[in-house]
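Written below as structure tokens is the structure these notes are about.
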Amino acid sequence: MGGGIAGHELAAAVSEAGGLGTIAIQPPEALAAEIKAARRVTGRPIAVNLLLPFARRGHWEAAARADVVVTFWGAPKRRAPGSWVHQCGSVKEAVAAQRAGADAVIAQGVEAGGHVRGTVPALELLEHVRRELPDGYPVLLAGGIATREDVADALEAGATAAVVGTRFLLSDESRAHPEYKRRLMEADETLLTELFGAGWPRAPHRVVANDATRRWLRRDPRGPAAARALNTAMGPLAARLPASIQGRMVASQHPGRPILSPQPPSDTTPEGLLESGPLYAGETVARIADVRGAADLTRDLAP
Ligand SMILES: Cc1cc2nc3c(=O)[nH]c(=O)nc-3n(C[C@H](O)[C@H](O)[C@H](O)COP(=O)(O)O)c2cc1C
């Protein structure tokens with residue numbers, strides 16, 4: 001979980017309890033430091049997630065020190081030695097990843113939280129992906145999994161393992177802003193939008209409502225057409241701005257202006273993001289009403 005949410009505390013707790021914890025993309029030096037910090041807490045494998053539109057050489061160098069690299073959002077291509085998993089939203093993408101040498105794919109369903117590549121429910125995508133990939137090829141399932149029963153259903157349907165985001169967003173170790181966590185505990189509905197697309201355009205994401213979504217999604221769930229066009233025009237440039245300028249843009253963002261970045265409210269971001277930033281969450285948020293320790297959650301998820 002990017003946006004400063006999944007650091008070494010969460011990843012190490014998950015791995016130590018028997019899962020494979022994942023550290024999110026962040027600047028290369030910070031990523032290297034997070035991997036080191038995780039290694040101090042656990043001797044078990046650790047994964048790193050890289051978002052392809054933002055991954056530069058330094059990210060690949062840092063990520064090579066993890067046990068597994070998970071990539072998302074872009075043409076699958078092997079860029080680092082070691083175990084590589086690509087998260088996919090379609091059969092076509094899954095086949096391309098397998099052909100490009102991925103060791104496993106994640107089939108992401110449309111019910112997932114955060115950025116959503118899938119367009120059909122996870123179990124449906126799994127069935128189609130399984131049919132097109134060789135027998136025994138590992139296919140992990142993401143989207144809609146928050147309980148042991150969900151994991152059992154995924155495995156029963158042929159998934160090799162379950163990938164869980166939203167449930168761990170609501171963990172003690174997640175660096176999501178405490179008020180963001182509180183709102184998710186109360187939420188029972190999500191929206192699929194492109195509203196928070198400054199710097200990452202044409203990338204649907206699932207969120208819980210706040211002032212920004214109430215203000216801008218009345219006519220079109222994707223967001224105002226002019227803002228989407230501007231985000232698309234600015235896309236590649238915005239993603240390459242120095243971190244300090246991006247930080248200033250995030251700090252000055254306001255729910256009344258529809259140019260909104262993908263940065264969610266975390267422990268270290270301005271309070272204003274609770275209303276002007278994305279409150280990412282998957283559909284399982286309707287079934288989650290507590291914040292718990294990640295190790296406990298991991299043990300409870302195992303069937
Ligand atoms: C807050 C949040 C941030 C996310 N950030 C990323 C990310 O940076 N990279 C990525 O590959 N997937 C990201 N995802 C998507 C997850 O990999 C996964 O597909 C999703 O969480 C699964 O659905 P679930 O939320 O219903 O468990 C994110 C999900 C959430 C909830």
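Sequential numbering from 1 along the given sequence is applied to the chain's residues. Both ligands and their constituent atoms are indexed starting at 1 by order of listing.
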> Just distances here: any N/O of Q87 and N/O of ligand 1 closer than 3.5 Å?
Replying inline: yes
Short N or O distance, Q108 and ligand 1, threshold 3.5 Å exclusive: yes
Assess the side chains of T269 and Q263: does a donor N or O sit below 3.5 Å from an acceptor N or O? no
So that I can tick it off, tell me whether D67 and R39 are bridged by a salt bridge, with the cut-off set at under 4.0 angstrom between side-chain N and carboxylate O.
yes
Contact check: G165 vs ligand 1, nitrogen or oxygen atoms, below 3.5 angstrom: yes
protein heavy-atom neighbour closest to atom 2 (C) of ligand 1 works out as M1 CG, 3.5 Å
Taking distance alone, with N or O pairs closer than 3.5 Å, would you say G144 contacts ligand 1? yes
- Task: Check whether any heavy atom of L51 sits under 4.0 Å from an atom of ligand 1.
- Result: yes
- Using distance alone, determine whether H115 and ligand 1 share an N or O pair under 3.5 Å. no
Worksheet item: Side chain of Y180, backbone of Y280: donor and acceptor closer than 3.5 Å?
Response: yes
To atom 15 (C) of ligand 1, the nearest of G109, A146, G113 on a heavy-atom basis is G113
Q. Are E127 and R130 ion-paired here, with the side-chain N under 4.0 Å from a carboxylate O?
A. no
Salt-bridge test for E275 and R215: reply yes if a basic N is under 4.0 Å from a carboxylate O, no otherwise. no
### Task
Apply the test salt bridge (charged side-chain N to carboxylate O under 4.0 Å, His left out) to residues E111 and R287: give CA-CA distance (whole Å), side-chain angles for both, the deciding distance (0.1 Å), then the verdict.
CA-CA 13 Å; E111 57 277 76; R287 299 191 270 130; over 6 Å; no
Notebook entry, point to check: Is any N or O atom of G2, backbone or side chain, closer than 3.5 Å to an N or O atom of ligand 1?
Noted result: yes
So is G143 in contact with ligand 1, going by heavy-atom distances below 4.0 Å? yes
among protein heavy atoms, the one nearest atom 25 (O) of ligand 1 is T166 OG1, 2.5 Å
